[in-house]
Amino acid sequence: MALQEPPCESSTLSIMKEMTPLEEIRHSAAHVLATAVLRLYPDTQLDIGPPTDSGFYYDFDSEIPFTPEVVEAIETEMKKVIKENQRFEKIEVSREEAIGMIKEMGQETYKLGRLEDIPEGEAISFYRNGEFADLCAGTHVSYTKKIKAFKLLQVAGSYHRGDAENKQLQRIYGTAFATKDELKEHLDRLEEAKKRDHRNVGKDLGLFHIDEMVGQGLVLWKPNGAVIRQELESFISSELNKQGYSQVFTPHVGKLELYRTSGHFPYYQDSQYPPIIHRDCLSALAEEGCTCSELSNKLEEGEIDGYLLKPMNCPMHIRIFKSEQRSYRDLPIRLAEFGTVYRWEQSGELNGMTRVRGFTQDDAHLFIREEQLQDEIQGCLGLVKLVFSVLGMDDYRVRVSLRDPESDKYVGDAEAWDKAEKALKEAVQTLGVDYEEELGEAAFYGPKIDFVVKDVIGREWQLGTVQVDYNLPERFDLSYVGSDNQDHRPVMIHRAPFGSMERFCGVLIEHFAGNFPTWLAPEQIRILPMNDELVENAQEVLAQLKSKNFRASIDKQSGKLGAKIRKAETDKIPHMLILGQREIDEGNVSIRSRNNPDMDGTRPLDEFISSIEEEISSKTLPKERANT
RNA sequence: GCCCAUGUAGCUCAGUCGGUAGAGCGCGUCCUUGGUAAGGACGAGGUCGGCGGUUCAAAUCCGCUCGUGGGCUCCA
């Protein structure tokens, strides 16, 4: 279910895009929803109810919990309202009249605030249908009967004005379409999408497991998933070698002092695993009767030290840079690491492999001279683009994440920010893709370019990222010796083409629905002997495949060929080799290929081997997506 | 963290009004030896997420707790 942000923040916004016919249906359905809720529960306070990308919702403040039974009753009432064929009627009013109407309806709690959002001088209107009227800029269908196909989908909590400090309301989500067929198609599509959900596919194909006893959001990569990850890592590593990166390794923990210097502690304390403090220190504090908050203070002040599970790799790479004197001739220095980091994400935010508490970034930090900035950003962007094109992921969005000028969460001076933002904007323009600038999406230390993709249910996830940072070099007092024999401050680029291996693989599983290209497939070839006597011949074939480093196996089950084929299909094996007496007599193998149906047929093993070698080395994408 | 939903065999799920559990797939053994998506028989597997309560009796009702799903908030 693509429960997205609405195209407009509020139904009361007066500056409103013209609604499409479908949006009108959905917006009207939201009003009918409110009509029905007020009929059943007249004490309910209404907030807002806009259309969204895939439906509509309305936020209610009600003492009654909207359980499934209640929602069903509401849906039934909505059908009645639609059947009554009420006319939608626009009423333009003055501000005073609007206040009067809101009070008359007893909807002061939220609607008066929403009214205040409408700037002075803008038109104020209500839309009336039957006994119900709602502050609303429109637009709507003419009669409720025009809402021919709708369905309430779920109830969710939501904060008034999206602020967790405010009261939590009950949001009812629904969707509506012009026809019943379209609605059914939409619901079928949602059902279909579940099948390629990485959590299901990951289980079916034995890719990963998240174990309750290990901990929330901590991914166990199973053998098959590990193969995919390893292939991706070696793919990116070989690209990094070409581009002059150096591989480093750093530990999973580091002293708190390191993160005090970087600014991550205590600023991000809430999203870190708690610090590790030496037991002697802890027992001494316990004897002193130190309270929890005192301990927390001492940690913040640096009166006691401890270790932190690494929440990010940058400070460690920075210390590597700083461990030697650097000359301008050495720059850029590009330090790369598959660095595992740990973050205490809120439990409600965890999600399969896409939002976890321990993850491995394909991280690198570039230490550069300012004049190298443009070239280096371009290089990083090129790498991200390469990753997407090799994997056939063309459905992504590029976001230039800038600081919110109103907010104070950012560090560093405005001048540096301007330079960094300018460099990124310049670079993205040469990328040759559409992009959007978004205020307030920047990291606290610098702006970034993010590559964002959607999962099967329409949620967006940030994958690749390129970030420019003038701030951490400052905090760690980094320098290099310039040609003028003076010290200069380097600029840093943080970048991760995959983002994290966990999230990337999660999204990739859904992208391919488990039908991986042969170079990534955990098992590339399966040999299916016709009967038990031929297993020995199959072993010979297997030995040849293994000698070529293919990942292959033999299906030794004594079942019918059809069953073995079915198993290989559901296991999503790219290539099957069927081995019967006929093939052995002729010195051939019979090929049945999921990834390349052109290869189907009978031919000598050598021929098969060379075409697979070619397929793997060129990272060919599956030609046809199988339906199972 | 918050709201709603949910947790039964390795997996997907059924289990009525409270009377201590079922199916399919998978797994094991045996039979079957086959030609491009499921051959057959038998069998093993569950103190129904955990703890507590109500009751003669709890998978079922209540409370707490842990996990999961969808939203919201958050995401260096």
Side-chain angles (χ1 to χ4, degrees), chain A residues 1 3-5 57 59 65-68 70-71 153-173 194 197 199-200 203-204 206 209-213 215-217 259 262-265 267-268 270-272 311-315 341 343-352 354-357 361 409-411 441-446 448 457 459 461-462 465 467 469 471-472 494 503 528-535 557-571 576 578-583 590-594 600 602 626-628:
Chain A
M1 277 144 280
L3 303 173
Q4 299 289 303
E5 271 305 293
Y57 67 80
D59 284 347
F66 292 160
T67 58
V70 170
V71 171
L153 296 172
Q154 54 182 294
V155 182
S158 70
Y159 298 103
H160 173 55
R161 293 190 186 276
D163 185 341
E165 299 295 310
N166 286 340
K167 181 162 185 189
Q168 191 160 31
L169 309 173
Q170 298 187 78
R171 174 173 296 177
I172 299 181
Y173 278 104
K194 275 192 204 154
D197 189 309
R199 288 164 297 197
N200 296 329
K203 197 177 280 177
D204 292 345
H209 171 63
I210 296 176
D211 192 278
E212 181 176 334
M213 194 177 262
Q216 283 187 291
Y259 300 102
S262 69
H264 294 107
F265 188 88
Y267 193 57
Y268 280 99
D270 287 347
S271 37
Q272 289 159 357
M312 54 187 348
N313 303 302
C314 352
V341 297
R343 298 178 188 177
W344 188 261
E345 305 288 0
Q346 297 184 74
S347 63
E349 263 311 324
L350 298 173
N351 189 286
T354 47
R355 189 83 184 264
V356 292
R357 284 186 175 160
Q361 299 175 309
K409 79 166 191 178
Y410 306 100
V411 294
E441 289 291 323
F444 78 96
Y445 52 75
K448 47 188 188 150
I457 60 175
R459 286 179 298 211
W461 300 101
Q462 177 199 310
T465 181
Q467 316 179 353
D469 180 8
N471 175 56
L472 287 178
H494 310 240
R503 179 177 289 179
L528 314 182
M530 288 297 296
N531 61 49
D532 294 354
E533 276 85 67
L534 299 174
V535 169
Q557 293 290 315
S558 59
K560 284 178 82 170
L561 178 62
K564 295 182 189 183
I565 288 175
R566 186 184 146 80
K567 179 83 169 79
E569 288 284 348
T570 56
D571 287 349
M576 292 171 225
I578 290 148
L579 204 61
Q581 196 56 51
R582 198 192 300 157
E583 284 78 13
S590 172
I591 301 157
R592 176 176 163 133
S593 170
R594 285 171 62 79
D600 283 5
T602 304
N627 294 320
T628 44

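None of the values given here were measured: they were computed from a predicted structure. Proteins come first, then strands; the chains are lettered A, B, ... in the order of their sequence lines, and each starts at number 1.
The gap from the C1' atom of B:rA14 to that of B:rC25 amounts to 15 Å, rounded to the nearest Å. Comparing the C1' positions of B:rG24 and B:rC62 gives an interatomic distance of 34 Å, to the nearest angstrom. On the C1' atoms, B:rG49 is 23 Å away from B:rA57, given to the nearest whole Å. Comparing the C1' positions of B:rG1 and B:rG43 gives an interatomic distance of 49 Å, to the nearest angstrom. For B:rU60 and B:rG71, the C1' atoms lie 29 Å apart once the distance is rounded to whole Å.
The residue A:R199 sits close only to the backbone: its heavy atoms come under 4.0 Å of sugar-phosphate atoms, none of a base. When heavy atoms are screened at a 4.0 angstrom cut-off, A:E165 is found touching no nucleic acid atom at all.
Scored by the side chain to side chain donor-acceptor pair (under 3.5 Å) test, A:K560 finds no partners at all (sequence neighbours excluded). Every residue two or more places apart in sequence or in another chain that forms a side chain to side chain donor-acceptor pair (under 3.5 Å) with A:S158 is listed here: A:D59. Considering only residues two or more places apart in sequence or on other chains, A:K448 meets the salt bridge (Lys or Arg N to Asp or Glu O under 4.0 Å) condition with A:D450. By the side chain to side chain contact (heavy atoms under 4.5 Å, CB included) test, A:I565 is found to be paired with A:L528, A:L561, A:E569, A:M576, A:I578, A:R592, residues two or more places apart in sequence or in another chain being considered. Here A:R357 pairs with nothing under the salt bridge (Lys or Arg N to Asp or Glu O under 4.0 Å) rule; sequence neighbours left out. For A:E345, the side chain to side chain donor-acceptor pair (under 3.5 Å) partners two or more places apart in sequence, or in a different chain, are A:R355. Partners of A:R343 according to the side chain to side chain donor-acceptor pair (under 3.5 Å) rule, which considers only residues two or more places apart in sequence or in another chain, do not exist here.
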**Asked** Dot-bracket, RNA chain B: Watson-Crick or G-U, under 3.5 angstrom, [ ] crossing, | other strand?
**Response** (((((((..((((.....[..)))).(((((.......))))).....(((((..]....))))))))))))....
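B:rA76 has A:Y268 stacked on its base ring, the centres lying under 5.5 angstrom apart and the planes within 30 degrees of parallel.
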Enumerate the protein-to-nucleotides 3-11 of chain B contacts in which both atoms are nitrogen or oxygen and the separation is below 3.5 Å.
residue	atom	partner	partner atom	Å
B:rC3	O4'	A:Q168	OE1	3.1
B:rC3	O2	A:G157	N	3.2

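Comparing B:rG34, B:rG1, B:rC74 by their nearest atom to the side chain of A:Y159 picks out B:rG1. Nearest nucleotide to the A:R592 side chain, out of B:rU36, B:rA76, B:rG34: B:rU36. Side-chain atoms of A:Q216 lie closest to B:rU68 of the nucleotides B:rU68, B:rC75, B:rG70. Picking from B:rC75, B:rA37, B:rG1 the nucleotide with the shortest atom distance to the side chain of A:I565 gives B:rA37.
Side chains of A:H494 and A:N313 form no contact here, defined as non-hydrogen atoms less than 4.5 Å apart.
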